[in-house]
2 protein chains.
Amino acid sequence: MEHEQGAVVLRSLRLKVTPRRLAVMNCLGEERAYLSAEEVWHRVRPRLGSIGLPTVYRILDELAGAHIVTRIFRSDRKQYYFLCPNQEHHHHFVCDSCRHVEDMDLCGLDGMTREIVRRSGGRVLSHILQVNGLCAECSKQNREMP
Amino acid sequence: MEHEQGAVVLRSLRLKVTPRRLAVMNCLGEERAYLSAEEVWHRVRPRLGSIGLPTVYRILDELAGAHIVTRIFRSDRKQYYFLCPNQEHHHHFVCDSCRHVEDMDLCGLDGMTREIVRRSGGRVLSHILQVNGLCAECSKQNREMP
DNA sequence: GTACAAATGAAAGTTGTTTTTGTTTATACG
DNA sequence: CGTATAAACAAAAACAACTTTCATTTGTAC
């Protein structure tokens, strides 16, 4: 995500355009992978001179609230974030090795949703679908999971 | 889950049959819903006289490790547990109102998996699929989400 | 019954995240 | 271009969920 592009996004969210926010957005834009708040912190610190960890959390929260970044909860009980400005209904293919995240435009749960409703008589409101594996690159190099 | 049944499960896991472990299993067996460790604690305490919260965590960990209970992570960063001895590949339909959990034998992701592999060239290793909604009962009563 | 490994409680520790409070900074407006 | 002011920020402490440690108790095999 380029500087000017980031500024436009921030202004459209009525957020002030500050070096910290731009740095966090750039950081996530450069990696197409998920990062923890602390990892983002380590990456942006040198560029800014200094930034507090709570500030990183606050910025990530704001961006997640605006659906500019997506927050995922992994089984290590940490929250991870990645840039995902795509507002359409979609899911993610996550590489277990390099953490690369790819959008998947396919969902394929409509039929299943109907089936659940038919069988159980309940109502389906949402679903979480995440596909884990190895991206093409890691698969080629036969990388193991970390 | 009845007493003797619980004892059999514990013995097959080479775990000692203790009142605490039986109480935790019974507790989760009675609710067909997910509970937090603390909620389990509150429910089993009166039956046992007393039990420490760390013990509840330990027991839930053991049972989760043995795939007798399933652990889920929700966006409140807490871990929840429910009894699910079903070892077949399946997913869950979770009621957002009463937390009731139903097994779904349908998965329907095989075709999608093939499509992802075809398009991206990566490898799919696993997936998380969880369907949220209202169970038949809550839907009928038009219950809101908590 | 007895011995021994396993289970447990109590208290303290760890970790990821959030709140608080006082200071600094971006932006709108003159 | 100042300047007012609302927002952003740092630092420190607080918080909540969970885990570890270690001394004591309890199942279980013999």
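Just so you know, these numbers use all the heavy atoms, side chains as well, and skip hydrogens, waters and symmetry mates. Chain naming here is simple, since letters A, B, ... match the order of the sequence lines and numbering starts at 1 in each. Quantities reported herein were computed from a predicted structural model and do not represent experimental measurements.
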- Message: With a 4.0 Å cut-off on N to O distance, would you call B:Arg99 and B:Glu39 a salt bridge?
- Response: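 Looking at B:Glu39 together with B:Arg99, the answer is yes, because their closest N to O distance falls below 4.0 Å.
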- Item | Contacts of type side-chain contact (heavy atoms from CB on, under 4.5 Å), residue A:Ala136, not counting sequence neighbours |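 Partners of A:Ala136 under the side-chain contact (heavy atoms from CB on, under 4.5 Å) test: none.
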- State which residues pass side-chain contact (heavy atoms from CB on, under 4.5 Å) with A:Arg47; sequence neighbours excluded, sorted by chain then number.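 side-chain contact (heavy atoms from CB on, under 4.5 Å) check on A:Arg47 returns A:Asn26, A:Cys27, A:Glu30.
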- Message: What I'd like to find out is whether the side chain of A:Leu129 reaches to under 4.5 Å of the side chain of B:Leu109, using heavy atoms alone.
- Response: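 Sidechains of B:Leu109 and A:Leu129: in contact.
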- ring pair (Phe, Tyr, Trp, His ring centres under 6.0 Å) against A:Tyr34, all qualifying residues, sequence neighbours excluded: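 Counting only residues at least two positions away or on another chain, A:Tyr34 forms a ring pair (Phe, Tyr, Trp, His ring centres under 6.0 Å) with A:Tyr80.
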- Task: Extract, from 5' to 3' on DNA chain C, the first and final nucleotides lying under 4.0 angstrom from some heavy atom of chain A.
- Result: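 The contact span of chain A on DNA chain C goes from C:dG16 to C:dT27.
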- Item | Closest-nucleotide ordering on DNA chain C, the 5'-leading residue of A:Thr18 and B:Thr55 |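 By nearest-heavy-atom nucleotide position, the 5'-most residue is B:Thr55.
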- Item | Terminal axis angle for the helix from C:dG1-D:dC30 to C:dG30-D:dC1, five pairs an end, nearest 10 degrees |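 Here the local axes at opposite ends form an angle of 40°.
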Would you list the atom pairs, donor with acceptor, under 3.5 Å between side chains in residues 12-20 of chain B and any protein atom, with sequence neighbours excluded?
residue : atom : partner : partner atom : Å
B:Ser12 : OG   : B:Val9  : O            : 2.7
B:Thr18 : OG1  : B:Arg21 : N            : 3.3
B:Arg20 : NH1  : B:Ser50 : O            : 3.0

- Can you check side-chain contact (heavy atoms from CB on, under 4.5 Å) on B:Leu28 and B:Ile68, steps first, answer last? CA-CA 10 Å; B:Leu28 288 175; B:Ile68 304 299; over 6 Å; no
- Item | Contacts of type salt bridge (charged side-chain N to carboxylate O under 4.0 Å, His left out), residue B:Glu31, not counting sequence neighbours |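 B:Glu31 satisfies salt bridge (charged side-chain N to carboxylate O under 4.0 Å, His left out) with B:Arg43 only.
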- Task: Using the test salt bridge (charged side-chain N to carboxylate O under 4.0 Å, His left out), find all partners of A:Arg58 that sit at least two apart in sequence or belong to another chain.
- Result: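 Counting only residues at least two positions away or on another chain, A:Arg58 forms no salt bridge (charged side-chain N to carboxylate O under 4.0 Å, His left out).
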- Item | Derivation of the side-chain contact (heavy atoms from CB on, under 4.5 Å) call for A:His90 and A:Cys84 | CA-CA 11 Å; A:His90 70 292; A:Cys84 174; 3.4 Å; yes
- Item | Residue pairs, two or more places apart or on separate chains, that pass ring pair (Phe, Tyr, Trp, His ring centres under 6.0 Å) and touch residues 41-60 of chain A |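 Qualifying pairs, neighbours excluded: none.
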- Message: Considering only residues two or more places apart or on different chains, which pairs with a residue in residues 111-134 of chain B satisfy ring pair (Phe, Tyr, Trp, His ring centres under 6.0 Å)?
- Response: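 Checked against ring pair (Phe, Tyr, Trp, His ring centres under 6.0 Å) - neighbours excluded - the pairs reaching residues 111-134 of chain B are B:His89-B:His127, B:His91-B:His127.
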I'd like a list of close polar pairs between nucleotides 4-7 of chain D and the protein, N/O only, cut-off under 3.5 Å.
residue : atom : partner : partner atom : Å
D:dA6   : N3   : A:Lys16 : NZ           : 3.4
D:dA7   : O4'  : A:Lys16 : NZ           : 3.2

Under 3.5 Å, which N/O atoms of the protein pair with N/O atoms of nucleotides 13-20 of chain D?
residue : atom : partner : partner atom : Å
D:dC18  : OP1  : B:Gln79 : N            : 2.8
D:dC18  : OP2  : B:Tyr57 : OH           : 2.5
D:dC18  : O5'  : B:Tyr57 : OH           : 3.3

